[in-house]
Structures are given as C-alpha cells and as structure tokens.
Amino acid sequence: MKIVHKIILANTFNILLIALTGFFAYQNLNLLLTKLRYVEIADDMNASFLEMRLSEKNYFLYKDTSALKTIQNKLNESKEAMESGRADIIKAIGARSYQQLESSTHAYLQIISSADVKAPASEELQSRIREAGQRLREFSDHITKMERSNVNRLIADSRTGLFTSLVLILFSALGFSQLISRRILKSLTEIENVAHAISEGTFTKVETVQTVDQDAVMKFLSRVKCFSFFLPNPSDELGSVMKAINSMSEELKKHEELIIQSKKLASIGILTAGVAHELGNPLNNISMMAQAYAELYEDLSREDRLDYMTKIEEETERIRDIVKNLLDFSKPKKPNRSEAHINDVVQKSLKLVQNMISISNIEISVRLADGLPRVSIDINQIQEVLINLITNAIQAATAGDELHISTRLNVDDNHVEIEVQDTGKGIPPEFLPHVFDPFFTTKEASGTGLGLFVSYGIIQNHQGSIRVQSEVGVGTCFTIELPAYDTKEINNEWS
Amino acid sequence: MSGAKIIVIDDENIVGKMIKATFEKEGYHVETFLSAAPALARLKEETFDVIITDLKMKGIDGMEVLRIVKKEAPGTKVIMITAFASMDSAIEAVRGKVDDFFPKPFKIKDLKACVERLLCQ
C-alpha cells in the first residue's frame with residue numbers, strides 16, 4: 001500500500017472515530033432532553049396530585065362535595081397532559097411505567113367518579129380513595145425521583161464518555177502519525193546513508209525489503225501481524241525511491257567501472273608510448289654503434305673497438321633497468337608493514353638526501369608535530385616516496401628557493417599528514433592532472449616519469465592518499481595522508 | 001658532397017658521436033651538441049648546410065629549433081630524429097615543415113643518403 005493511502009486511511013479512521021463520538025453525544029443529549037421534558041411534566045402532575053390530596057382532605061373532613069369535582073378536573077387535566085406528552089414520557093420512562101401510571105390515574109378517576117356527590121363518603125370509600133390517591137402520588141414521585149437520578153447519571157456518563165473518546169482520538173491520531181512518520185524517517189535515513197555512501201564512492205544497495213530492525217517499535221510491529229501496515233513496504237513511494245536510488249547506484253557503479261577501464265587503457269597508452277620512447281634511445285645507440293663499428297672497423301684502434309663494445313653493453317644495461325622498473329610497477333610490492341613514528345621516517349629520509357640539499361643551495365625548514373599517533377607502514381617504501389618528493393622539489397628549485405617539510409595530525413579522519421612544499425617553478429595547470437601518470441615527466445631527458453607513479457602506488461597500498469597543489473611561479477605542495485595506526489587499534493578494541 | 005657542414009643536436013651523446021665518426025670519414029664537417037641553445041648560437045656565427053636534431057629535448061626542443069632555423073637561415077636543411085613510438089603524431093607535427101624525418105633506430109647509410117639528396121637540391 002502506498003504511503004499516501006496509508007495516511008488517507010489513518011485520517012479516515014480518526015474522522016470516523018470523531019463522527020461516532022459526536023453521534024453518541026448527540027443521541028445522549030436528545031435522551032437527556034426528553035427526560036428533562038418528562039421531569040417537567042411529572043413536576044406539573046405531582047403538583048396536581050398534591051392538590052388532589054388536599055381536595056381529598058376537604059371532602060373527607062369538611063364533606064365538601066365540590067372537592068370531588070376539583071379532583072376529577074385535575075385528574076382529567078393530568079390525563080390530558082399524559083396523553084399529549086405520551087411519546088416523550090414513554091421514551092423517558094418506558095411503556096410499562098407509563099401504562100402503570102395511566103392505569104393508576106384511571107383507577108383513581110374511577111373511584112372518584114363512583115363517589116356519590118350528595119352523600120358523605122363511607123369509611124370504605126374514604127380508604128379506597130385515600131389508597132388510590134396515595135399510590136398514584138407515590139408512584140409518580142418514585143418515577144420522577146428515578147428520572148432525576150437518571151438525568152444525573154446520563155450527564156455524568158456522557159461526560160466520561162466524551163472524555164474517553166477524546167483521549168482515544170488523541171492517541172489514535174498521535175499513534176498513526178508517529179508510526180507513519182517513523183516509517184518515512186526510517187526510509188529517509190536509509191536513503192541518506194546510501195546517498196552518503198555513494199558520495200564517498202561506495203555504491204551500496206538499499207534494502208528495499210523488510211529487514212529485521214534494531215528499532216524496538218519496528219520489532220514489535222513486525223511481530224504483530226495487523227501492524228504490518230506501518231512496516232516498510234517495497235511497493236510504496238519510499239520503496240520506489242529506494243528502487244530508483246538502487247538503479248542509480250548501479251548505473252554509477254557501471255559508469256565508474258567504465259571510467260576506470262578507460263583510464264586504465266589511457267594509462268596503458270601512456271605507458272606503452274613511454275616505454276617505446278625510453279627503449280628507443282638506447283636501442284638506437286646500440287644500433288648506431290654497431291653500424292659505425294662495422295663501417296669504421298679498419299679505422300678504429302683496439303681501444304676504440306673495446307670502448308664501442310663497452311658502450312653497447314652499457315646501453316643494454318640501460319634497457320634492462322627500464323624493463324626491470326616496468327616489472328616493478330606491474331607487480332607493486334606488498335608493503336612489509338611495521339609500526340613506526342612518521343617523524344623518524346621523515347628525518348631518516350632527510351639524512352639520505354642531505355648531500356643533494358647542501359649542493360642545491362636551497363633553504364630547508366622542517367616542522368614536525370609532537371605526539372602524533374604511530375602509523376603502520378613499510379618504512380623503506382615510505383622513505384622512497386619521501387626521497388622521491390624531496391628530489392623532485394630540489395630539481396624544480398633554483399638556488400635560494402625554500403623547501404618546507406612538515407607533519408601533522410588530521411583529527412577529523414584520523415590521518416597523519418606529511419607535507420612537502422617547495423617554492424620552485426610550479427607545475428602548469430594542464431600538466432597537474434597527469435603528474436601521477438606513468439612516464440609523465442617535466443624533466444625531459446633526466447626524468448623517467450615513473451617516480452610519482454610509483455609513489456602513488458605505494459601510498460595507495462598503504463590505504464593512504466597523495467595529492468598535489470601547484471601554482472606556476474609560486475611552488476608545489478605534495479600532501480601524503482596515512483591512516484593513524486594507534487587510534488584504529490583502539491577503535492577495534494572498543495567495537 | 002665533402003666539405004658540407006652539418007650540426008647534430010641530440011641529448012644522447014652517442015648519436016652525435018657516431019654520426020660525426022661515420023660522416024667525417026666521407027669528408028663532412030660535423031659539429032655535435034647535447035642541447036639546442038649552444039647549437040643555435042653556433043649557427044649565428046656560421047652557415048651550416050644541414051641540421052640533424054632530436055625532437056624531444058630539454059629546454060629548446062626540435063620543433064623550436066626547426067622554427068628558428070627556417071626563419072634565420074632558410075637555406076639550411078633540417079632533419080628530425082626521434083625515439084617517439086607513436087610516430088603518427090610526431091610525423092603530423094613535422095609534416096611539410098621538416099626536410100626529412102627519421103625514427104630511432106635508423107640506418108646511418110639511410111641518413112647519409114638523405115643528407116646527400118638534400119644537398120643536391
């Protein structure tokens with residue numbers, strides 16, 4: 001069921017509840033009104049009955065026969081009132097009580113009518129009149145009292161009834177909205193997580209089917225069948241959104257794979273072009289020397305010939321080195337990790353290039369942060385990277401330039417950062433995206449174009465990252481990030 | 001064509017050395033340079049018949065040499081050599097501008113024949 005339908009259904013349920021309460025309240029008020037109307041009639045009749053009793057006394061004590069006429073009139077009046085209010089009275093006190101009342105009135109009227117107006121009342125007639133009158137009055141009194149208490153009860157009942165239904169409606173409305181919004185929020189949280197994961201480059205899938213939830217409420221709901229209404233449903237709007245996100249995620253994954261593939265192909269292109277060029281020179285040297293050797297054989301002295309052969313051997317060694325280097329990249333060595341302080345590694349690397357620094361006549365400043373967490377690294381590989389970066393910086397620098405090397409902790413993501421910054425000539429923006437490509441070099445003949453490519457691979461193997469910022473004429477800054485080892489361990493122990 | 005003057009520019013010193021050794025046997029006068037700047041300076045002092053230059057070099061590259069030579073000394077022939085494997089782009093770059101083009105490795109006798117042909121023109 002779609003969420004919009006669920007909301008409509010919940011609202012309809014609440015509206016029905018309100019309508020039902022209203023209906024019952026209306027019915028109650030109507031009943032109350034008839035009861036009150038009866039009580040009004042009954043009050044009038046009671047007053048008449050009281051007068052009849054007084055007239056009875058006049059008749060018995062003072063032999064006032066006109067009193068009988070008065071009683072008769074009053075009785076007829078009461079009967080008329082009863083007749084006219086018959087429907088209301090039956091509604092208020094029920095048909096049986098009404099009939100009883102009617103018959104009592106009738107009996108009384110008969111006795112009164114049977115009395116001889118000329119003669120004084122006999123003892124027997126007197127007692128019969130008295131009895132009937134008393135019975136009528138008592139019965140009417142009783143019913144009136146009962147109805148009064150009924151009215152009070154009705155008011156009290158409808159008060160509690162109204163209050164209860166109000167509470168019920170409130171709970172139902174709150175409950176529904178809470179459950180539905182929980183359902184929406186839950187899905188939104190899932191979507192948010194996935195979107196976050198995608199933005200970080202991980203193409204995960206959202207679970208569109210109901211999963212066993214950690215949420216206590218959802219757990220309870222999933223156990224009770226009739227509440228499955230509130231559980232995530234793959235066919236509702238959020239389910240569709242999740243499906244859309246999933247297909248988007250899959251598309252992105254495919255695209256990224258394609259991009260990676262084309263990047264790989266591009267890299268292979270650069271690589272082969274680079275390899276061919278690198279190999280072309282020594283091959284040409286060997287070829288030229290062999291041709292010259294043959295052509296000039298007679299003119300060459302013994303030393304010259306040996307020199308030619310030595311040079312040919314040197315050139316083949318050059319080719320062998322290139323091939324060996326190539327094999328090194330195609331199979332990057334797995335880092336042989338050990339715990340280390342990055343500051344020690346930086347200082348060791350600096351010692352190794354000390355000579356080059358002093359020859360190049362550049363200013364060097366080292367700023368190493370205290371209390372850095374340890375890192376788990378292959379010290380030789382990281383040293384190779386640092387030496388590579390420092391050498392590059394020195395080669396890009398002219399006398400008087402500065403080289404800053406610093407370490408620091410990136411608290412946000414628990415990384416140790418190493419920065420190698422120079423004030424050299426900088427890298428033109430069009431070259432910047434290619435500095436980590438194989439065989440890319442700005443050093444022309446003196447560079448193999450492999451240093452940064454190798455460095456990049458090493459840092460990747462350490463789950464770290466290396467990035468470059470550069471501005472022509474201002475300088476270049478390489479930043480290496482390596483995951484901190486200590487905190488990672490502590491986190492593992494805690495989790 | 002003995003006596004003709006040739007400049008060779010290549011940062012691989014063996015290239016210059018071998019061309020010098022084999023060409024001077026035929027009576028050519030060969031001067032070799034490891035980079036373009038001193039070669040261009042030398043060219044200002046004297047007229048040369050042929051310049052054999054590498055394409056990819058540190059500092060001034062072969063294309064720049066070609067441009068300067070054709071402007072300063074239009075009579076001087078320029079032969080480009082390069083180790084670039086993807087020659088399509090390299091050939092495209094020099095097509096119609098350079099007098100001839102040799103991918104490395106090349107035959108010295110082909111180069112000689114080419115120089116002779118250019119000098120006859």
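In what follows, chains carry the letters A, B, and so on, assigned in the order in which the sequence lines appear, proteins first and then strands, with residues in each chain numbered from 1. Since the structure is predicted, the reported quantities are computational estimates derived from the model, not experimental observations.
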Review point. Can you tell me if CD on E317(A) sees more than 12 non-hydrogen neighbours from other groups inside 6.0 Å?
Key: yes
**Study point:** Nearest-0.5 Å distance that lies between atom CG in D100(B) and atom CG in D110(B)
**Key:** 10.0 Å
Exercise for review: For the residue pair S287(A) and Q291(A), confirm or rule out a side-chain donor-acceptor distance under 3.5 Å.
Suggested key: yes
Check your understanding: Is there a donor-acceptor contact under 3.5 Å linking the side chains of K311(A) and N285(A)?
Key -> no
Exercise for review: Check whether Y293(A) gets within reach of chain B through its side chain, its backbone, both or neither, counting any heavy atom under 4.5 Å.
Suggested key: neither
Study note, to complete from the structure: Turns out that what part of I19(B) lies under 4.5 Å from chain A's heavy atoms comes down to both
Practice item. Examine whether an atom of K17(B) lies under 4.5 Å from a heavy atom of chain A, and if so say whether it belongs to the side chain, the backbone or both; otherwise answer neither. Key: side chain
